[in-house]
Amino acid sequence: MTGKRPSAATLVAWQRTHGRHALPWQRTRDPYRVWLSEIMLQQTQVATVLGYYERFLLRFPDVRSLAAAPQDEVLALWSGLGYYSRARNLHACARAVIEHHGGSFPNSSAALAKLPGIGRSTAAAIAAFCFGERTAILDGNVKRVLTRALGFGDDLAEAAHERRLWQHAEALLPKTGIEAYTQGLMDLGATVCTVRRPACDACPWSNCCVARAEGRPEAYPVKTRKLKRGRRENSLLLLTSGAQLWLVQRPAPGVWAGLWSLPEFTGDEAVQAFAAQGPGRIEALPHVHHVLTHFDWQLKPWHWQLPPRTAAATRQRIESALPGDGRWFARDEALAAGLPAPVRRLIDQLA
DNA sequence: CTCCAGGACA
DNA sequence: TGTCCTGGAG
């Protein structure tokens, strides 16, 4: 690690002229809005967040309305964004702010970080933007910017190395202008110092960047991933009765916890055996390949349409034999519920 | 199609 | 340290 120290002042000046200023959660110091945007921006790109952010604010204009809502409604608005623990924590955090902080977010990063879903970096971002607190953020974008600028080549998979990078992040903080500096780091990572093909010519730190001097900015950050994905295969039952369909609420903990999904079976034989107990025909739908962090999920959906005049007793027998905690939904009602993305697509495609 | 980025938490 | 999801890039 050699080279001139990256200048915070240079980054601040760059942010003011070349950074982003028109995002809807900028130009407000309302902790509720900043917090909401930061949670959504965890693991999610700006372009995707924009629509969700707007819908959330329309439905939940303040922390009180969010805290008062049932979790189901929060998950419904979050549907499609992924990492649904963020939505559950968002809701829990709103309730904690109401119950333990008199309805106002605490004004220090240390206190913010005690709230559900707010880790060290998110707490620092909120505190910097809303309260001008001089604290370091270190999200994925910033890790990339800093490791490149500093030529920090130690494996971030090791906790000790990550701690050292945090120390660097703190040492680089400006005396004043923490808002523009923090935003500048984010903007640099998002628009210039990108994962592939970084635009070094447009970078305010190009003349001090070690990675650039080495001619291989893409080599940073170094992070060995040892996680190997497993495979899973399940069959899903899309049971419809006229304009109604049957959804089950998935248990917590686990994948898609709290979301509404289709009854899940171990395999095709199990679905077919189940449907064989009742009237009507069952039809295979195209497979859906869904990738999660830790496994590849091969989903094999089957559509079972109950005949129009299926006896009430027969329907009840089927309903009570279905796995999971379910009920009937009208199609529009289902599409307004908290569905995982692939399930939403399946129901969307339903004629 | 395949590959991969991206925070918090138990 | 493994668990959570999705979309964008190539």
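Chain identifiers are assigned alphabetically (A, B, ...) following the order of the sequence lines, protein sequences preceding nucleic acid strands; residue numbering begins at 1 within each chain.
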Sugar-phosphate only, base, or nothing, as touched by A:Arg344 at under 4.0 Å among non-hydrogen atoms: nothing

Basic-acidic side-chain contact under 4.0 Å: A:Arg164, A:Asp154: yes

Interface with DNA chain B, restricted to residues 122-133 of chain A and to heavy atoms under 4.0 Å: A:Thr122

OP1 or OP2 of B:dG6 under 4.0 Å from side-chain N/O of A:Asn141: yes

Salt-bridge criterion met for A:Glu319 and A:Arg327 (N-O under 4.0 Å): no

Whole-Å gap separating C1' (C:dC5) and CZ (A:Arg232): 13 Å

Touch class at under 4.0 angstrom, heavy-atom based, for A:Arg196 against every strand present: sugar-phosphate

Residues A:Glu162, A:Lys143: salt bridge by 4.0 Å N-O rule: yes

Residue whose nearest DNA chain C nucleotide is more 5′ - A:Ser79 or A:Arg197: A:Ser79

Interface residues of residues 104-119 of chain A with DNA chain C (non-hydrogen, below 4.0 angstrom): none

Nearest-angstrom distance from the residue atom CD of A:Gln43 to P of B:dA8: 8 Å

OP1 or OP2 of B:dA8 under 4.0 Å from side-chain N/O of A:Gln42: yes

Side chain A:Tyr83 and base B:dG6 donor-acceptor under 3.5 Å: yes

Interface with DNA chain C, restricted to residues 30-38 of chain A and to heavy atoms under 4.0 Å: none

Under-3.5 Å donor-acceptor pair between A:Gln45 side chain and C:dG7 base: no

C:dC5 OP1/OP2 closer than 4.0 Å to side-chain N/O of A:Arg229: no

Modelled atom types, side-chain donor and acceptor of A:Thr194 and A:Arg144, under 3.5 Å: no

Value in whole Å for how far the P atom of B:dG6 lies from CG of A:Leu138: 12 Å

Rounded distance (Å) that lies between atom P of B:dA5 and atom CZ of A:Arg148: 11 Å

Charged tip of A:Arg55 within 45° of A:Tyr52 ring normal and under 6.0 Å: yes

Nearest-nucleotide 5' precedence on DNA chain B, A:Ser121 against A:Val195: A:Val195

A:Glu179/A:Arg29 ion pair, N-O < 4.0 Å: yes

Contacts of A:Asp72 that satisfy salt bridge (charged side-chain N to carboxylate O under 4.0 Å, His left out) - sequence neighbours left out: none

Whole angstrom value for the distance that separates C1' of C:dC5 from OH of A:Tyr52: 11 Å

A:Phe152 reachable from A:Val195 in the ILVMFWY side-chain graph, under 4.5 Å edges: no

Interface residues of residues 293-303 of chain A with DNA chain C (non-hydrogen, below 4.0 angstrom): A:Thr293, A:His294

For atom CH2 of A:Trp78 and atom P of C:dC4, their distance in whole Å: 17 Å

Residue-phosphate contact under 4.0 Å: A:Arg88 side-chain N/O, C:dC4 OP1/OP2: no

Side-chain donor-acceptor pair present, A:Ser108, A:Glu133, cut-off under 3.5 Å: no

NZ/NE/NH1/NH2 to OD/OE distance under 4.0 Å, A:Arg120 and A:Glu170: yes

For atom CE of A:Met186 and atom P of B:dG7, their distance in whole Å: 9 Å

Closest-nucleotide 5' rank along DNA chain B - winner of A:His289 and A:Thr44: A:His289

Members sharing A:Trp328's hydrophobic cluster (side chains within less than 4.5 Å): A:Leu237, A:Leu239, A:Trp246, A:Val248, A:Phe265, A:Val271, A:Phe274, A:Ile282, A:Trp302, A:Trp304, A:Leu306, A:Ile318, A:Leu322

Nearest-Å distance for atom pair CG/C1', residues A:Leu259 and C:dC5: 10 Å

Electrostatic pair A:Asp62-A:Arg33, nearest N-O below 4.0 angstrom: no

Test item: side-chain donor near acceptor, A:Ser241 and A:Arg315, under 3.5 Å: yes

Short N-O contact, A:Glu233 and A:Lys300, less than 4.0 angstrom: yes

Nucleotide nearest A:Asn89 (side chain, heavy atoms from C-beta), chosen from C:dC5, B:dG7, B:dC9: B:dC9

Options C:dC5, B:dC9, B:dG6, nucleotide nearest the side-chain atoms of A:Arg144: B:dG6

A:Asp155 and A:Thr224: side chain donor to acceptor below 3.5 Å: yes

